[in-house]
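A short worksheet on the structure shown next.
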Amino acid sequence: MSHDPNHTSDAPLTGGMLWLAAIILAAANFIAVLNMTIANVAVPNIAGSLGATVSQGTWVITSYAVGEAITVPLTGWLSARYGSVRVFVGAMVLFGAFSLVSGLSSSLGLLVIARIFQGFSGGPLMPLSQTLLMRIFPKEKAAAALGVWSMTTLVAPVVGPILGGYFCDEYSWSWIFYINLPIAFLGGFSAWQLLKRYSEPLVRNPIDRVGLVLLIIWVAALQLMLDEGKDLDWFASGKIVTLAIIAAIAFAAFIIWELYEEHPVVDLKVFRHRGFTASVLTISLAFAAFFGVNVLTPLWLQNLMGYTATKAGLATCGTGLTAFFIAPLVAQLTTKIDARKLVFGGVIWLGIVTLWRTVATTDMTFWNIAVPLVILGFGLPFFFIPTTGLALASVEEREMDSAAGLMNFLRTLSGAFATSIVTTTWADQITRNHAELVGLADSDQSVRTMLATSGAPTDAVNQVIDYLITGQSVMLATNQLMWAIGIAFFIAASVIWIAPKPTRVVDPSAGGH
């Protein structure tokens, strides 16, 4: 990729400046991913202070997810038209501006609109932080840089609820948005100073308006369906059925249109590369399983084990910590070992640890819960770093922005699917288990007799027995879902073998070195 003539005099970054640019790019990805989960635990606080119901408050999460899901796959087109450095810096500054508006919002309506635009701005940050890293780093250091980026993607969803819980407990919900400001504004300014030398020639293709409208319709309809489904009892609701039909028709029309459009808004032709398709499928399946674990663990800890949001966050943060420390080693290994072997081993590890967690009980201590999650973290870099590298190494240099946009989009979408499936299945399993246990529990009446002889009234006896049954129903449902997620990891691990043996690692040296 050649440089813009205006910047040919600027030498490529080296040494400390190169790593400073890497930290800024990784931080941009971090805040974009962080904002997917940081508001999750804050919804009751936000709803309470803005005079809304909790179910209305969940729009704070949905609005960001919809905005982000629409712009992530558009990254390749935006970069070609306006330049990846300009789009990245603009997205950073706008992300900061809409974070400020979100924090200052005095009504739910304004907050939801600000969050939609925050999502629009956050969308391109994920893929562009990735492809700009690949472009600015020399070949021998690219894997290490990608390792730093990958860790922010995996650590941010874990850290989100901890920070969200902490700010709501200690300060106010507005701070979950204000913490983005220094990273967005300082990072945007610094990124422009460091990266403008990597500007590339622009491609002024006509705007594919039909493709853009179809994309917005099917993504918004699907995201709303996934977010609202559980509360509206899925396909028993006319609204959910309507959204599903709209999403399906618009998606089919979008695929057909984009494949035949001369200048598509989303370049679906990158899927012709078998390595890219297999890597993205592996990432989507394994990330869905990982997100499932991430959603299920805090639900179980807060609803059954009596943990606060902050304590639940501390119990789960070990995953991110071990992953962070092991990442540099994995980055080195990717240059020496077949990426498919690393991915297979990493995802199998995640599956084994998840199956180990299926023997959880209500008597577990904090460390009984935290230690398996620390050990889970060892597998994450082995899954995420080589698959990302393999996917981008499978496409042509000019397709990298489009490929990264599609990969991040499908990963995000798989996380949304996993959240809906896990929360719905968990609630259904609890109900089913409760119905079965009612018939089996205390069949010899010994517990009832013991409580009655101690002088407890009949209502209190019934409440105690129901409490015990509900607790066991929740615990069983959690373990049953862990079984399903563990098996999903094994399926995801096997998919990577569809990819051909990698013939090259990503060579960013074509980006002007």
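Predicted, not measured: the structure shown is a model, and the values here were computed from it.
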Q.
Please tell me whether Glu396 and His273 have a donor and an acceptor in their side chains that are separated by less than 3.5 angstrom.
A. no
Q) Counting N and O atoms only, with roles assigned by atom type, does the side chain of Ser49 sit under 3.5 Å from a partner on the main chain of Ile46, one being a donor and the other an acceptor? A) yes
Q. What do you reckon, is CZ of Phe325 surrounded by more than 12 foreign heavy atoms closer than 6.0 Å?
A. no
Q | Value rounded to 0.5 Å, distance of CD1 in Ile179 from CG in Leu34 | A | 5.5 Å
**Q.** side-chain contact (heavy atoms from CB on, under 4.5 Å) assessment of Phe98 paired with Ile116
**A.** CA-CA 9 Å; Phe98 289 114; Ile116 290 171; over 6 Å; no
Q.
If you apply the rule side-chain contact (heavy atoms from CB on, under 4.5 Å), what do you find for Thr282 with Val343, and how did you get there?
A. CA-CA 9 Å; Thr282 305; Val343 174; 3.9 Å; yes
Q) Between the side chain of Ser414 and the main-chain N/O of Ser284, is any donor-acceptor distance below 3.5 Å? A) yes
Q: Run the numbers on Trp426 and Thr423 for side-chain contact (heavy atoms from CB on, under 4.5 Å), then give the verdict.
A: CA-CA 5 Å; Trp426 192 61; Thr423 49; 5.8 Å; no
Q. Are side-chain heavy atoms of Met126 and Val72 found at a separation under 4.5 Å?
A. yes
Q) About how many Å separate OH of Tyr307 and OG1 of Thr316, when rounded to the nearest 0.5 Å? A) 10.5 Å
Q.
Under a 3.5 Å cutoff, is there a donor and acceptor pairing between the side chains of Gln472 and Asn433?
A. no
Q. Are side-chain heavy atoms of Ser102 and Gln118 found at a separation under 4.5 Å?
A. yes
Q) Taking atom types as modelled, is there a side-chain donor on Arg135 or Ser84 under 3.5 Å from an acceptor on the other? A) yes
Q | Side chains of Thr478 and Arg357, donor plus acceptor under 3.5 Å | A | no
Q: Would you mind reporting whether Ser190 and Leu20 have side-chain heavy atoms less than 4.5 Å apart?
A: no
Q: With rounding to the nearest 0.5 Å, note down the distance linking CG in Leu392 to OG in Ser279.
A: 9.0 Å
Q: Could you go through the side-chain hydrogen bond (donor to acceptor under 3.5 Å, both in side chains) check for Thr431 and Asp428 one step at a time?
A: CA-CA 5 Å; Thr431 308; Asp428 290 348; 5.5 Å; no
Q: Specify whether Phe120 and Phe117 have parallel, tilted or perpendicular ring planes, treating 30° as the upper limit for parallel and 60° as the lower limit for perpendicular.
A: perpendicular
Q. Where do Phe88 and Ala191 come nearest, in terms of heavy atoms and distance?
A. CE2-CB, 3.8 Å
Q. Considering residues, nucleotides and ligands other than Trp356, do more than 12 of their heavy atoms fall under 6.0 Å from its CH2?
A. yes
Q. Under the criterion side chain to side chain contact (heavy atoms under 4.5 Å, CB included), which of Leu25, Asn29, Asn408 is the partner of Gln130?
A. Asn408
**Q.** Rounded distance [0.5 Å steps], OH in Tyr166 versus CH2 in Trp175
**A.** 11.0 Å
Q: Over all heavy atoms of both residues, which pair between Pro386 and Thr334 is shortest? Give the atoms and the distance, please.
A: CG-CG2, 3.8 Å
Q | Electrostatic pair Arg115:Glu68 at N-O distance under 4.0 angstrom | A | no
(Q) Testing the basics here: between Thr362 and Gly471, what is the closest heavy-atom pair and its distance to 0.1 Å? (A) CG2-O, 4.2 Å
Q) Taking C-beta and beyond as the side chain, do Ser402 and Val266 meet within less than 4.5 Å on heavy atoms? A) no
Q. From Phe95 CZ over to Ser121 OG, what is the distance, rounded to the nearest 0.5 angstrom?
A. 7.5 Å
Q. Do Phe384 and Arg411 have side chains that get closer than 4.5 Å, going by heavy atoms?
A. yes
Q: Could you please spell out the steps behind the side-chain contact (heavy atoms from CB on, under 4.5 Å) verdict for Asn35 and Phe177?
A: CA-CA 8 Å; Asn35 274 267; Phe177 303 117; 4.2 Å; yes
Q: Would you indicate whether the side-chain heavy atoms of Thr75 and Thr71 approach each other to under 4.5 Å?
A: no
Q: Count the heavy atoms of every other residue, nucleotide or ligand shown that sit under 6.0 Å from CZ of Phe271, and state whether that count exceeds 12.
A: yes
Q. Roughly how far, to the nearest 0.5 Å, is CG of Leu128 from OG of Ser79?
A. 4.0 Å
(Q) A side-chain contact here means heavy atoms from C-beta on lying under 4.5 Å apart; do Arg272 and Thr277 qualify? (A) no
**Q.** Test item: Tyr64 and Ile38 side chains (from C-beta on) under 4.5 Å apart, heavy atoms
**A.** no
Q.
Looking at Ile421, is its backbone amide N or carbonyl O close enough to the side chain of Thr424 to form a donor-acceptor pair, meaning the two atoms are under 3.5 Å apart?
A. no
Would you tabulate the side-chain donor-acceptor contacts of residues 344-355 under 3.5 Å, counting partners in other chains and residues two or more places apart, or write 'none'?
from   : atom 1 : to     : atom 2 : distance (Å)
Trp349 : NE1    : Ile375 : O      : 2.9
Thr354 : OG1    : Leu350 : O      : 2.6

Q: Provide the closest heavy-atom pair for Ala499 versus Arg340 in the form atom of the first, atom of the second, distance.
A: O-NH1, 3.1 Å
